Amino acid sequence: MQRARCLAGRRLNELARELKVPVPARVNRAKGWTGTLLETALGATAASLPEPDFQAIGVELKTVPVHPDGRPRESTYVCTLPSPGGGPPLWQHSNVRRKLARVLFVPVVYETGAGFADRIIGTPIIWSPSAEEEAALRADWEELMDLACTGKVESITAHHGTHLQIRPKAANSKARQRGVGEDGAPAQTLPRGFYLRASFTASIFQRCYARAG
DNA sequence: GAATGATCATCA
DNA sequence: TGATGATCATTC
């Protein structure tokens with residue numbers, strides 16, 4: 001948290017220059033660049049592994065694009081929809097619960113159309129779900145997993161779920177992976193992932209900033 | 001190809 | 001403008 005707080009107020013291109021990380025010429029071709037830059041700046045260790053970013057302390061790092069007024073600009077990716085197999089899915093064993101057990105949110109503030117030079121790191125937040133939040137996430141997860149495991153995965157849209165939603169997470173719309181088909185039998189389906197709605201992260205940010213002043 | 005990191009492009 | 005569905009770069 002000390003290291004993250006030290007980054008608040010910094011511009012992304014300045015931070016990149018200090019870390020000797022090249023700044024992409026086009027923002028729309030560098031979707032993951034900000035997240036990777038913050039991982040480098042904070043010393044995250046589990047890049048490209050299904051583990052918390054900071055393994056030793058069990059913390060997941062999420063950079064969140066926000067409007068100048070502090071509202072998240074986008075939903076937040078959590079993890080992939082698991083492949084089928086191994087009995088009924090249990091919340092206690094889910095990757096969603098593991099990933100969200102402890103999260104360091106780092107807001108990155110900018111106006112529409114801004115380049116990396118005009119994107120500024122905001123005040124970081126360390127968050128764990130309250131009992132109420134976990135119950136709500138669990139309810140969404142169980143509803144979505146029930147659809148996904150009973151042959152209705154193709155009927156799932158981003159409209160399902162109050163705080164947690166399922167959306168495509170793939171190189172393109174033609175990508176396929178092992179999944180459950182219409183009849184409940186194995187089939188090739190579009191890879192999907194769990195995302196936190198922007199309204200959910202907005203409520204987290206609002207509560208944390210209200211408490212901190 | 002599958003995982004990580006997310007944001008883009010489109011349309012209501 | 002905001003949410004959904006689609007997509008991009010990199011690494012292993």
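These numbers were taken from a predicted model, which means no experiment stands behind them. Heavy atoms only: backbone and side chains are in, while hydrogens, waters and symmetry mates are out. Throughout, protein chains are lettered first and strands after them, A, B, ... in sequence-line order, and every chain is numbered starting at 1.
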| task | To the nearest Å, give me how far apart OH (A:Tyr77) and P (C:dT7) are. | result | 17 Å

| request: Indicate, with a heavy-atom threshold strictly under 4.0 Å, whether A:Gly32 touches base, sugar-phosphate, or nothing. | output: base

| field | Common cluster, A:Tyr77/A:Phe54, ILVMFWY with side-chain heavy-atom separation under 4.5 Å | value | no

| request: Please work out if A:Ser75 contacts a base, only the sugar-phosphate, or nothing of the nucleic acid, heavy-atom cut-off 4.0 Å. | output: base

| task | Have a look at A:Thr36 and say if it touches a base, only the backbone sugar-phosphate, or nothing, with a 4.0 Å heavy-atom cut-off. | result | nothing

| request: Report which part of the nucleic acid A:Arg176 touches: base, sugar-phosphate, or nothing (heavy-atom distance under 4.0 Å, all strands). | output: sugar-phosphate

| task | Start with the C-alpha distance between A:Glu133 and A:Arg207, add both sets of side-chain angles, then the distance that settles salt bridge (charged side-chain N to carboxylate O under 4.0 Å, His left out), and finish with yes or no. | result | CA-CA 12 Å; A:Glu133 286 168 333; A:Arg207 176 160 53 76; 2.7 Å; yes

| said: Expressed as a whole number of angstroms, how long is the span from A:Leu196:CG to B:dG5:P? | reply: 13 Å

| field | 5' priority, DNA chain B, between A:Cys79 and A:Glu74 [closest heavy atom] | value | A:Cys79

| remark: Side-chain contact check for A:Arg197: nearest option of C:dT4, B:dA3, B:dG5 is C:dT4

| request: Please determine, for the side chain of A:Glu60, which listed nucleotide (C:dT4, C:dT7, B:dG5) has the closest atom? | output: B:dG5

| query | Is a donor-acceptor pair below 3.5 Å formed from side chain A:Tyr195 to base C:dA3, judging by atom type as modelled? | reply | no

| Options C:dA6, B:dT4, C:dA9, nucleotide nearest the side-chain atoms of A:Thr80 | B:dT4

| Hey, does A:Thr157 reach any base, or is it just sugar-phosphate, or nothing, if we go heavy atoms under 4.0 Å? | sugar-phosphate

| said: What I want to find out is whether A:Arg98 reaches A:Glu60 closely enough, with some N-O distance under 4.0 Å, to be called a salt bridge. | reply: no

| Taking for each residue the nucleotide of DNA chain C with the nearest heavy atom, is it A:His159 or A:Asn172 whose nucleotide lies nearer the 5' end? | A:His159

| In whole Å, what is the span from the CD1 atom of A:Ile156 to the P atom of C:dA6? | 14 Å

| note | Taking for A:Ala30 and for A:Thr112 the nucleotide of DNA chain C with the nearest heavy atom, the one nearer the 5' end belongs to A:Thr112

| remark: In whole angstroms, the gap separating P of C:dC8 from CZ of A:Arg26 amounts to 11 Å

| Any side-chain N or O of A:Lys62 under 4.0 Å from OP1/OP2 of B:dA6? | yes

| What integer distance in Å separates A:Lys174:NZ from C:dG5:P? | 18 Å

| Can you get from A:Ile166 to A:Leu190 by hopping between Ile, Leu, Val, Met, Phe, Trp and Tyr side chains that sit under 4.5 Å apart? | no

| query | Rounded to whole angstroms, how far apart are CG on A:Leu81 and P on B:dA2? | reply | 14 Å

| Where does the angle between the aromatic ring planes of A:Phe200 and A:Trp127 fall among parallel (under 30°), tilted (30 to 60°) and perpendicular (over 60°)? | perpendicular

| message | Using a heavy-atom cut-off of 4.0 Å across all strands, would you classify A:Arg73 as base, sugar-phosphate, or nothing? | response | nothing

| query | Whole-Å distance between C:dT7 P and A:Arg192 CZ? | reply | 14 Å

| request: Just call it for A:Pro65: base, sugar-phosphate, or nothing, with non-hydrogen atoms closer than 4.0 Å on any strand. | output: sugar-phosphate

| task | Decide if atom CD of A:Glu14 counts as having more than 12 heavy atoms of other residues, nucleotides or ligands within a radius under 6.0 Å. | result | yes

| query | Counting just side-chain N and O atoms, does A:Thr34 come under 4.0 Å of either OP1 or OP2 of B:dA6? | reply | no

| Of A:Arg178 and A:Arg119, the one whose closest DNA chain B nucleotide lies more 5' | A:Arg178

| Rounded distance (Å) that lies between atom P of B:dG5 and atom CZ of A:Phe105 | 13 Å

| task | Choose from B:dA9, B:dA3, C:dA6 the nucleotide whose nearest atom is closest to any side-chain atom of A:Asn28. | result | B:dA9

| query | Using a cut-off of 4.0 Å on non-hydrogen atoms, how would the nucleic acid contact of A:Arg167 be classed: base, sugar-phosphate, or nothing? | reply | base

| query | Is the shortest side-chain N/O distance from A:Thr63 to OP1 or OP2 of B:dG5 below 4.0 Å? | reply | no

| said: Please verify the inter-ring angle class for A:Trp33 with A:Phe116; under 30° counts as parallel, over 60° as perpendicular, anything in between as tilted. | reply: tilted

| query | Is the phosphate of C:dG2, meaning OP1 or OP2, less than 4.0 Å from a side-chain N or O of A:Arg71? | reply | yes

| task | Kindly indicate whether the side chain of A:Lys169 and the base of B:dG5 share any N or O donor-acceptor pair separated by less than 3.5 Å? | result | yes

| said: Classify A:Ala170 by what it touches in the nucleic acid, base, sugar-phosphate, or nothing, heavy-atom distance under 4.0 Å. | reply: base

| Phosphate OP1/OP2 of C:dT4: any A:Gln165 side-chain N/O under 4.0 Å | yes

